[in-house]
Amino acid sequence: GELGLEADLASLGSVPPDALLFAENTGVLVAEVAEVDRTRFQALFAGLPCVEIGRVTARPHLVLRSGANVLARAEVASMKGAWKGTLAHA
């Protein structure tokens, strides 16, 4: 479905948010984990750097924060339209 995401990048350390969002790194994994599997997932990564940065939301919007500072806010439908519109012209 068209779900949303609310994420706070502050927990990832002192790296500037733009570097976090646009850097490519083979050592980074982003995973979506169901709440019922959260404890088991965390146990799999025990002893490794693993940080929860946000939650999937029923409201179809994306909100990226760094602490109290909102970095980006967008509706999923708007992002989907921009993405599909670009692909149609490729």
Verify same cluster id: Phe22, Leu5 (apolar side-chain graph, 4.5 Å): yes
Would you kindly confirm whether Leu29 and Leu44 end up in one hydrophobic cluster when ILVMFWY residues are joined by side chain heavy atoms under 4.5 Å apart? yes
All heavy atoms of Gly67 vs all of Ala10, minimum pair found to be N-CB, 3.5 Å
With Pro49 via side-chain contact (heavy atoms from CB on, under 4.5 Å) - residues at least two apart: none
Residues Arg59, Glu75: salt bridge by 4.0 Å N-O rule: yes
Check for me, please, whether Phe41 and Leu48 land in the same ILVMFWY cluster - side-chain distances under 4.5 Å, paths through other members count. yes
Are Val15 and Leu12 connected into the same hydrophobic cluster when the rule is that any two of I, L, V, M, F, W, Y join if their side-chain heavy atoms are below 4.5 Å apart? yes
Between Ala58 and Leu3, which heavy-atom pair has the shortest distance, and what is it? CA-CD2, 4.1 Å
Residues two or more places apart in sequence or in another chain: which of them pass side-chain contact (heavy atoms from CB on, under 4.5 Å) with Glu35? Arg38, Arg55
Partner of Glu6 by side chain to side chain contact (heavy atoms under 4.5 Å, CB included), out of Leu62, Val56, Val63, Ile53: Val63
Exactly one of Val70, Asn69, Leu21 clears side chain to side chain contact (heavy atoms under 4.5 Å, CB included) with Leu64, and that residue is Leu21
Write down the atom of Val76, the atom of His61, and the distance for their closest heavy-atom approach. CG2-N, 3.7 Å
